[in-house]
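Reading through the structure tokens given below for one structure.
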Amino acid sequence: MGYNDTEHIEISVEILYETNDAFRVTDGAATEWVPKSQMTDTDFKEGDHVTIEIPEWLALEKGFI
């Protein structure tokens, strides 16, 4: 399978902080802001431990993979 912008991956994270446009999340190794516009689901609140789905390119850029 070729690499493209539409490939998504799942990452287990804790929601640390929320703004109107993004979540501050940590997977235990990396802590980054993830834009809500790049997430398939945004029905989370601070303190939740959830699995988010984001584009693979973004996960690479943010250091999650």
Side-chain angles (χ1 to χ4, degrees):
M1 177 183 289
Y3 177 82
N4 64 56
D5 288 356
T6 60
E7 293 179 26
H8 287 76
I9 64 165
E10 294 182 340
I11 303 168
S12 295
V13 298
E14 178 183 357
I15 306 294
L16 300 176
Y17 189 73
E18 178 181 7
T19 68
N20 288 337
D21 297 322
F23 287 105
R24 180 85 167 161
V25 303
T26 185
D27 68 355
T31 301
E32 293 289 339
W33 286 101
V34 176
K36 290 179 178 180
S37 63
Q38 296 297 322
M39 300 172 69
T40 57
D41 184 9
T42 60
D43 190 24
F44 309 122
K45 63 184 183 303
E46 292 175 23
D48 284 352
H49 292 264
V50 298
T51 300
I52 61 172
E53 188 174 331
I54 61 174
E56 184 176 25
W57 65 263
L58 182 61
L60 284 166
E61 181 179 294
K62 298 290 184 177
F64 292 119
I65 57 172

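Model, not experiment: these values are computed from the prediction.
Using a 4.5 Å heavy-atom threshold, the side chains of M39 and I54 count as touching. For the pair F64/I9, no side-chain contact is recorded, criterion being any heavy-atom separation below 4.5 Å from C-beta on. Looking only at side-chain heavy atoms (C-beta outward), I15 and K45 stay at 4.5 Å or farther from each other. In this structure the side chain of W33 never reaches within 4.5 angstrom of the side chain of D21, judged on heavy atoms.
Put simply, CD1 on I52 and OG1 on T42 are 11.5 Å apart, with the number rounded to the nearest 0.5 Å. Put simply, CG on L16 and CD on E32 are 11.0 Å apart, with the number rounded to the nearest 0.5 Å. Within the model, atoms NZ of K36 and CG of D43 stand 10.0 Å from one another, a figure rounded to the nearest 0.5 Å.
Across all their heavy atoms, P55 and H8 have their closest contact at N-CD2, 3.5 Å. Nearest heavy-atom pair, T51 versus E10, reported as atom, atom and distance to 0.1 Å: CG2-CB, 3.6 Å. The minimum heavy-atom distance linking S12 with D27 is given by the pair O-CB, 3.6 Å. Of all the heavy atoms in A30 and K62, the pair that sits closest is CB-O, 4.1 Å. When all heavy atoms of E56 and I65 are compared, the pair lying nearest together is CG-CD1, 3.9 Å. Taking both residues in full, the closest heavy atoms of F44 and E18 are given as O-OE1, 3.8 Å, listed atom of the first, atom of the second, then distance.
Under the 4.5 Å side-chain heavy-atom criterion for Ile, Leu, Val, Met, Phe, Trp and Tyr, V25 and V50 are members of the same hydrophobic cluster. Put simply, I11 and Y17 are part of two different groups of oily side chains (I, L, V, M, F, W, Y) that touch within less than 4.5 Å, one to the next.
Residue-environment remark: CG (D41) exceeds the threshold of 12 foreign heavy atoms within 6.0 Å.
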